Every structure is written in structure tokens, then in C-alpha cells.
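Take a look at the structure set out below.
Proteins get letters first, then strands, A, B, ... in listed order; numbering begins at 1 in each. Note that the structure is predicted; figures quoted are calculated from it, not measured.
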2 protein chains.
Amino acid sequence: MVTINDIADLAGVSRTTVSRVLNSSGYVSEKARKKVLKVIEQTGYVPSEHAKSLRTKKTKVIGVLLPKVSTETISRIVEGIEYVLSENGYHILLASANLVAAKELEHLQLLQSRRVEGIILVATNTNDELVKMIQSLTIPVTALGQDIPGVSCVLYKDYEAAYDVVSLLIKKGHTRIGFIGVDEADPAVGIERKKAYYDCMKEAGLEVEEGWVQKGVFNIDSGAAAMERMLIKSDRQPTAVFAVTDRLAVGAMQTLKQEGVAVPDTMSVMSIGASDLSEYVTPPLATVNYFHEKAGRETAKLMLTQIRTKGASIKKISMDYRLIERDSLL
Amino acid sequence: MVTINDIADLAGVSRTTVSRVLNSSGYVSEKARKKVLKVIEQTGYVPSEHAKSLRTKKTKVIGVLLPKVSTETISRIVEGIEYVLSENGYHILLASANLVAAKELEHLQLLQSRRVEGIILVATNTNDELVKMIQSLTIPVTALGQDIPGVSCVLYKDYEAAYDVVSLLIKKGHTRIGFIGVDEADPAVGIERKKAYYDCMKEAGLEVEEGWVQKGVFNIDSGAAAMERMLIKSDRQPTAVFAVTDRLAVGAMQTLKQEGVAVPDTMSVMSIGASDLSEYVTPPLATVNYFHEKAGRETAKLMLTQIRTKGASIKKISMDYRLIERDSLL
DNA sequence: CTGTTAGCGCTTTCAA
DNA sequence: TTGAAAGCGCTAACAG
């Protein structure tokens with residue numbers, strides 16, 4: 001591996017001079033600069049960011065900690081993060097917990113050892129240990145998706161969006177509305193959206209039958225199973241159902257189709273996500289667009305300002321959302 | 001930031017000793033080890049991988065260069081890569097070209113400057129400059145998706161898979177088969193799959209009308225537009241169409257639905273990809289599963305063996321695939 | 001305009 | 001079983 005010393009020797013200058021032309025800092029004669037550039041060209045020398053950052057204390061790397069890599073939501077978020085970061089000369093060091101909570105802690109440590117300048121956490125839980133560790137970090141942290149006390153966050157309006165969904169269903173004349181949620185370990189999706197459902201029903205003076213409220217996990221099959229249970233356990237069948245994610249809703253629609261329950265004629269379906277799937281499924285699914293890529297960009301920007309302005313106060317940013325009415329809604 | 005020297009001072013030993021307990025190398029008395037460990041615990045010291053790799057020449061980081069972050073195919077590939085790499089103590093430094101060819105070259109340089117131990121290239125083109133630069137690198141490179149001369153590759157069986165698709169269509173009795181392809185800048189998808197189509201048709205003694213062969217880009221709308229053109233420009237309407245990607249096929253199905261052409265009754269549709277979309281669209285799309293996550297894992301493994309066995313010869317691995325017959329096929 | 005010197009945080013002989 | 005010394009590749013005063 002060719003180093004700055006080799007270049008200096010070959011160009012017949014000191015390595016300081018080489019450093020100067022590398023960083024366009026200080027004075028260098030045209031002659032020396034030309035010579036150095038030529039040698040660099042010939043040798044294919046690429047300066048070591050490692051050595052550089054050992055001195056400068058700047059790595060220009062941000063750690064991005066994901067719960068999982070391959071979901072549509074997350075890949076859109078990462079797209080947004082990558083866009084802003086790379087535009088600003090930063091690189092992403094990727095870490096995925098693969099849905100194992102303990103791995104988040106481990107990765108947090110590893111990212112630190114790599115001297116990332118900040119950590120972006122795409123969060124699906126607010127587990128105590130995680131929060132404590134996050135708060136103890138000396139580098140800036142920005143979380144996306146969950147409200148973590150003491151750290152800057154980009155948040156979705158889960159309560160409002162869910163409330164709007166149920167309101168819309170009620171406005172359309174529905175009075176028996178089912179709900180498919182997820183575990184409360186994920187507060188944003190599991191708690192906020194459910195609370196909004198209950199609140200909205202209550203404020204409209206509508207009852208909620210026990211069988212109408214089901215729980216699943218984040219996939220299609222689980223939505224199908226939840227819908228089956230709802231159909232079986234309801235005294236009076238709902239005329240509409242709100243699933244907290246698109247995949248859950250798609251699963252529900254599968255069951256409905258299978259059971260001969262027409263969507264939207266006898267059952268309306270709505271969800272949150274605006275995934276590709278929601279648009280091309282039959283009938284197209286009414287849902288809420290959360291603008292994940294934009295959320296990713298905002299998170300990255302927030303991180304950048306935190307890095308740049310020492311002692312910046314923590315900020316909470318709320319993302320806007322948009323209801324998309326489609327044929328699954330009557 | 002607390003360093004190894006601080007720990008040494010606080011523990012009353014030399015930094016050599018601290019290094020020894022950190023790396024469990026050499027002899028350290030129980031007493032010294034205990035003391036050091038305690039101080040580390042108290043201070044929250046995390047060793048700098050940067051300084052370490054400056055000495056050891058090992059960074060345990062692999063650069064992953066993507067054409068784009070947020071596609072289903074790519075996120076599955078990255079999932080696979082991440083899985084294997086993190087299991088082996090490696091981290092991923094992410095770079096996305098965002099579909100700008102020039103950015104690939106730039107990122108290649110940046111990844112080198114970060115002293116990644118190897119580069120995994122998820123390729124969609126085999127552009128001369130790229131290939132030349134790749135070949136000139138001194139660190140191991142593994143490419144996924146395109147055959148790049150001189151470097152180890154994990155490849156999909158594009159020709160065979162496409163040939164099988166068209167064969168199947170012919171076996172089902174179709175004789176007028178349309179084709180929606182993409183630009184030849186992407187050899188794997190744009191050339192191989194098209195060649196297979198032509199070859200298979202020819203070998204079956206079937207004609208190909210000019211209007212039957214259309215070209216799109218990698219999205220749904222473009223598939224819809226291509227299908228429209230096919231419908232208009234064909235003298236005799238095909239009874240089946242093979243689109244080289246799922247999204248193209250989904251677009252085609254949109255047009256077909258809109259134009260009142262029944263799928264599969266008057267037109268069968270097949271593609272390659274096995275995306276989520278293909279499964280839940282109506283009717284479900286017959287397609288080919290490429291096992292992207294597995295491909296990612298294989299690529300990462302290939303990289304690891306290249307790093308570990310100096311001067312390993314370049315290898316070309318072919319991924320298996322599986323035809324999935326679904327209702328879009330009659 | 002240029003070079004000398006020191007040192008970033010760590011590992012690795014080598015000698016004790 | 002431990003420490004001193006050297007050095008990885010680079011930058012940043014400082015002095016010329």
C-alpha cells in the first residue's frame with residue numbers, strides 16, 4: 001500500500017507538502033503541486049481516511065442501526081438517509097439487529113468503537129436497556145419512528161393518522177369497526193394507533209366489541225389469521241376494519257376474499273403504510289402515506305445539524321401524512 | 001474521549017498490559033486483568049478500531065456498492081450480505097450510486113480511502129470504465145448480478161430462467177408470445193433474457209412479430225406503457241407475454257385489465273422476480289424466484305474466502321432459480 | 001513557500 | 001508476567 005511518505009519521496013518534497021496539496025490547505029508552489037499530483041496519478045495513491053481521522057477526530061461516518069434490512073419501509077428510510085448523508089460527504093456504517101433486541105446494544109458498542117460521529121437509530125421499540133444505553137452515549141443520536149426521551153427524534157403522527165382513519169370510516173357511515181393491531185412493545189404502532197382507535201370510537205359514541213380487536217405481527221399471514229379470528233369471534237360482524245399496517249390489511253383481505261366477504265361492499269378495509277403492495281392489490285387498499293424516504297432525509301439532516309452545532313438542544317420533528325382513499329373503502 | 005493510556009494510568013499498568021487484556025493475548029496476571037477490567041467498566045472505555053487498524057492493517061469493514069437502496073431485490077440482497085458479514089465480525093460501509101454511473105467510480109475511490117478490506121458490487125451494468133477500475137483494484141472485489149471479467153461473481157441464470165419461462169409458455173400451447181425487456185446497458189436483464197426469448201421461440205419454430213417485442217425501464221408504469229404499445233402495434237395479438245421483471249409484468253397487467261383483455265383467459269403473463277407484489281396482485285403472477293437473499297449470502301461468503309485465502313482464484317457462482325406457476329398463466 | 005517535529009490510539013517486538 | 005520503544009499514515013503547529 002502506497003503511503004504519503006512514498007509520494008513525498010517520489011515527488012522530492014516533504015510529506016507536509018503532499019498533505020497540503022491533498023487538502024488544498026496552505027501555500028504550495030505550482031511546480032510542487034504539479035509534481036505531487038503527477039506522482040499520485042502514477043502510483044494510484046489513495047490517502048487513508050483512517051490515519052487522517054486518527055489525527056483529526058473526524059471520521060465522516062454515521063452509524064445507522066436498523067431493526068431489519070429488507071422491509072419496504074426501512075429500505076425507503078435508508079434511501080432517504082443515504083441521500084442526505086452522501087450529499088454531505090458522509091458514509092453510512094450499517095448495522096442490523098435482525099429483530100434481536102440484544103443485538104441492538106451490541107451494535108451500539110461496535111459503532112462506537114468504529115468512532116462514528118453519530119448514530120441514527122431506526123427504532124421499533126423503546127426497551128429500557130436500549131434507552132439507557134442511548135442516553136449514555138457521548139455522540140449525537142437521532143431516532144426515527146419512536147419517541148425516545150432525551151434524544152432528537154423524527155416521529156410519525158401515529159395517533160393523529162390512526163384517529164383520522166377511524167374518523168373517516170365513521171364519516172362514511174360505519175358504526176361497527178374492527179381493529180387489527182400489534183404488540184405494545186412497539187409503542188408507536190402498538191399503543192398510539194390502538195389508543196386512537198379506542199378514543200375515536202368512544203368520542204363518536206360507538207361501542208367496541210371484544211372480538212373486533214385483534215392482534216398480529218408485521219406480516220401478511222398474521223393479518224389473515226387475525227381477520228379469521230375476528231370473523232369467528234364477533235357477535236355482530238363489523239362493516240369495516242382498520243389494520244395498523246398494510247401487510248396486516250392485505251392479509252385481512254385475503255381472508256375476506258376466501259370467506260366470500262366482499263370488499264368493500266360488505267367490509268371496508270383501511271390501513272397505514274402506502275406500500276407498493278397497497279396500490280396494486282385488488283381492490284386497491286385505502287391507506288395512509290407516511291413519506292418514509294422524506295422521514296429518512298429529515299433524520300439525516302437532524303443528525304447533521306447536531307454534529308455541526310455543538311450542544312444543539314434536542315428536537316422532536318413530526319412528519320406529515322396523507323390519507324389515500326382507494327377502492328377498499330366504501 | 002478516554003484512551004488506552006488513560007486506562008493504563010488509572011489501572012497503574014502500562015498500556016501494553018491493557019492491550020493484552022483487551023485482546024486476550026500474552027500473559028497477564030489475574031490481578032492486573034481484574035484491575036484493568038474494572039477501570040474499563042468504570043470509564044466506559046471503548047477501544048478505537050481506527051487506531052487499531054492503522055497498526056494491524058485490518059479494518060473488518062466491507063464496502064457494499066449499490067445501484068440504489070430501496071428496491072425489493074436489493075434490500076433482500078443486502079439482508080443476505082449483512083447476515084453473513086455481521087456473523088463474521090464484519091461491518092458494512094454502504095454506498096449507493098443512486099443510478100448515476102459516474103457515482104459508482106467515485107464511491108469506489110471513497111471506499112478504498114476508508115480501507116475497506118473488500119468491495120461487494122451489486123451490479124446493473126458492465127460499463128467499461130467501471131470494469132477497468134474494478135480490475136485495477138488491489139483489494140478483493142465480488143460482483144453480484146453481472147458477469148464482470150476478471151472478478152469473482154455470483155450470477156443469476158438469466159438465460160436459462162428466461163428460456164424456461166418461454167418454454168413453459170410454449171408447452172402450455174402458446175405460439176404468439178410477446179416480450180417486454182429493458183435496455184441492453186444491463187446485460188444480465190437486457191441481453192441474456194432477450195436472447196433466451198428469441199432463441200427459444202426460434203428453436204420452437206415460432207415467429208416473432210416486431211410489435212411483440214417492447215422495451216421498458218424498471219418500473220410499473222413503464223410496463224403498462226409497453227403493453228399498450230404491444231396491443232396497438234401487433235398485427236396478431238399475442239396470447240401470452242413474458243416481462244423480464246415483476247414490476248414490468250404488473251404494469252402490463254394493469255393495461256390489460258384496463259383494455260378489457262382477460263388474464264389469463266385471453267392473455268397469460270409471466271415474469272422473473274418473485275417479488276411480494278407478484279404474489280398478491282390479481283391474478284397472482286407466475287414468475288421465477290431468484291432467491292436474492294441467498295445470493296447476497298453467497299456473495300458475502302465468496303468475499304470472505306477471498307479475503308482469507310490470499311491469492312484465491314476468481315470464482316463464478318451460479319444461483320439456482322425456481323419457476324412459480326400461478327394463475328396469470330394458462 | 002517548505003520542512004521539522006510531535007503526536008493521534010493502538011499493537012508488537014524485544015528485553016527485562 | 002510486564003514495560004519501553006517503535007511505528008502504522010496522517011495533520012498541525014512552528015520555524016525557517
Side-chain angles (χ1 to χ4, degrees), chain A residues 1-37 39-40 43-61 89 109-117 138-139, chain B residues 1-37 39-40 43-61 89 109-117 138-139:
Chain A
M1 189 95 275
V2 27
T3 78
I4 196 172
N5 289 306
D6 302 330
I7 304 299
D9 289 351
L10 290 171
V13 298
S14 76
R15 60 172 188 245
T16 310
T17 303
V18 178
S19 175
R20 288 202 179 96
V21 352
L22 249 24
N23 301 290
S24 343
S25 63
Y27 296 98
V28 182
S29 66
E30 247 334 278
K31 196 179 142 211
R33 136 172 280 103
K34 281 259 160 42
K35 178 76 184 159
V36 167
L37 254 17
V39 174
I40 288 177
T43 53
Y45 165 65
V46 181
S48 160
E49 285 296 322
H50 265 83
K52 184 170 178 171
S53 51
L54 189 57
R55 277 263 19 188
T56 61
K57 306 294 181 195
K58 297 198 178 308
T59 55
K60 287 279 195 172
V61 175
Q109 172 96 354
L110 289 173
L111 290 174
Q112 269 188 283
S113 76
R114 296 244 132 96
R115 296 297 186 260
V116 295
E117 290 183 36
T138 54
I139 54 175
Chain B
M1 191 94 272
V2 26
T3 77
I4 196 172
N5 289 307
D6 302 330
I7 303 299
D9 289 350
L10 290 170
V13 298
S14 75
R15 61 173 187 246
T16 309
T17 303
V18 177
S19 174
R20 289 202 179 95
V21 353
L22 250 23
N23 302 291
S24 344
S25 64
Y27 295 97
V28 182
S29 67
E30 246 334 277
K31 197 178 139 211
R33 136 172 280 104
K34 280 260 160 43
K35 179 76 185 157
V36 168
L37 254 16
V39 174
I40 288 177
T43 53
Y45 166 65
V46 181
S48 160
E49 285 296 325
H50 265 83
K52 184 170 180 172
S53 50
L54 190 57
R55 274 263 17 190
T56 60
K57 305 292 181 199
K58 298 200 178 308
T59 55
K60 286 281 196 171
V61 175
Q109 172 96 355
L110 289 172
L111 290 174
Q112 269 189 283
S113 77
R114 297 242 129 99
R115 297 297 186 260
V116 295
E117 290 183 35
T138 54
I139 53 176

Inset, instruction - Could you tell me whether a side-chain N or O of Asp6(B) sits under 3.5 Å from a main-chain N or O of Thr3(B), the two making a donor and an acceptor? - result: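 Present.
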Inset, instruction - Could you check how far CG of Asp9(A) sits from P of dC10(D), rounded to whole Å? - result: 12 Å
Inset, instruction - Measure the distance from NZ on Lys31(B) to C1' on dT2(D) and round it to the nearest whole Å. - result: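 Result: 13 Å.
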Inset, instruction - Going by the side-chain contact (heavy atoms from CB on, under 4.5 Å) test, name the single residue among Val21(A), Leu22(A), Asn23(A) that passes it with Ser25(A). - result: Asn23(A)
Inset, instruction - Please identify each residue that fulfils side-chain contact (heavy atoms from CB on, under 4.5 Å) with Ala11(B), with sequence neighbours left out. - result: Val13(B), Lys35(B), Val36(B), Val39(B)
Legend entry - nucleotides 9-16 of chain C: protein proximity per nucleotide (B base, S sugar-phosphate only, - neither; heavy atom, under 4.0 Å): BBBB----
Inset, instruction - Would you indicate whether the side-chain heavy atoms of Arg115(B) and Met1(A) approach each other to under 4.5 Å? - result: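 Of all side-chain heavy-atom pairs linking Arg115(B) with Met1(A), at least one is under 4.5 Å.
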Legend entry - Within-4.5 Å side-chain heavy-atom neighbours: Val61(A) and Arg114(B): yes
Inset, instruction - Return the nearest nucleotide to the side chain of Val13(B); candidates are dG3(D), dG3(C), dT2(C). - result: dG3(D)
